[in-house]
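As structure tokens, the structure follows; a few thoughts come after it.
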Amino acid sequence: MTDRQQLLQTFDALLQPERFRDYGPNGLQVEGAAQVRKIVSGVTASRALIEAAIAAKADTIFVHHGLFWHGQDGRVTGWLKQRLSLLLAHDINLIAYHLPLDAHPELGNNAQLALKLGLLAQGRFGEQDLGFMGEPEKSIGFEHAGSLAAHVGKTLNRPVVVVAEAQRAIKKIAWCTGGAQGYFEAAIAAGADAFITGEISEPQAHYARESGVAFIACGHHASERYGAPAVASHVAAQLGLAHEFIDIDNPA
Ligand SMILES: [Zn+2]
């Protein structure tokens with residue numbers, strides 16, 4: 001058991017949120033119990049995750065996508081009312097870290113996705129250095145974008161969208177988890193042969209055809225399943241807390 005302040009200081013020290021310009025508040029988003037015993041981690045603070053955390057007897061939820069984003073109009077209605085009601089009624093702390101959780105060099109979403117896919121990070125690119133750039137581990141080279149896309153789909157166990165020239169050899173691979181399709185042009189400029197992210201939008205298909213750089217979209221959720229449990233289990237072990245990752249599947 002530890003107190004909430006100690007837990008928040010430990011997350012802040014690890015993830016360094018002050019280094020990022022983010023789209024919402026990082027750290028404690030909803031205040032619950034002052035004493036913490038069990039953390040449930042997940043990708044998004046959805047109602048299903050909150051209900052699962054209540055069933056798992058957690059007093060703290062740790063997520064990548066919290067409840068509050070810049071640009072919201074501030075009304076507590078609909079889904080926000082439902083989720084907040086559950087958290088407040090059960091005295092559960094909601095802790096969310098967005099970009100700091102993508103960026104952490106060993107435990108973050110980008111680093112953990114690379115571990116899963118067998119990619120070795122050699123550098124960073126793009127705004128706030130959130131994009132990762134590297135090469136496949138020696139044991140798993142890819143002859144072309146099709147074999148890389150097949151490997152990503154098989155490893156993450158979901159269909160991927162790939163737009164690529166059939167024959168281009170793949171050496172340098174860039175990746176950025178979640179909705180990072182806007183990083184594609186920076187990945188092209190940084191010399192990537194392929195770019196992996198969660199989502200594709202209309203323009204990127206054309207950029208891929210016109211640049212010859214492969215674009216692989218493997219799902220926002222699927223690309224961001226690994227950072228939150230890695231960080232939460234690390235911190236839970238450090239402070240002697242219980243931790244459980246609960247995956248609420250999401251086809252997007
Ligand atoms: Zn995301």
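Remember, it's 1-based here, ligands and their atoms both numbered in the order they're listed.
Side-chain contact check for Asp102 and Asn110: no donor-acceptor pair (N or O, by modelled atom type) lies under 3.5 Å.
Apart from Ile39 itself, the hydrophobic cluster it occupies contains Leu7, Leu8, Phe11, Leu14, Leu15, Leu28, Val36, Phe62, Ile95, Tyr97, Leu101, Leu107, Val231, Val235, Leu239, Leu241, where clustering links Ile, Leu, Val, Met, Phe, Trp and Tyr at side-chain heavy-atom distances under 4.5 Å.
Counting only distances under 2.8 Å, and ignoring water, the protein N, O or S atoms around the Zn ion (ligand 1) are His65 NE2, His220 NE2, Glu224 OE1.
The aromatic rings of His65 and His98 are tilted relative to each other, their planes meeting at an angle between 30° and 60°.
With Asp193 as reference, Arg168 is the one residue of Lys171, Arg168, Lys172 to meet the salt bridge (Lys or Arg N to Asp or Glu O under 4.0 Å) rule.
The side-chain hydrogen bond (donor to acceptor under 3.5 Å, both in side chains) check on Gln112 picks up nothing, with sequence neighbours excluded.
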Donor-acceptor pairs under 3.5 angstrom involving side-chain atoms of residues 245-252: please list them, not counting sequence neighbours.
residue: Asp247; atom: OD1; partner: His221; partner atom: NE2; Å: 2.8
residue: Asn250; atom: OD1; partner: Ala252; partner atom: N; Å: 2.8

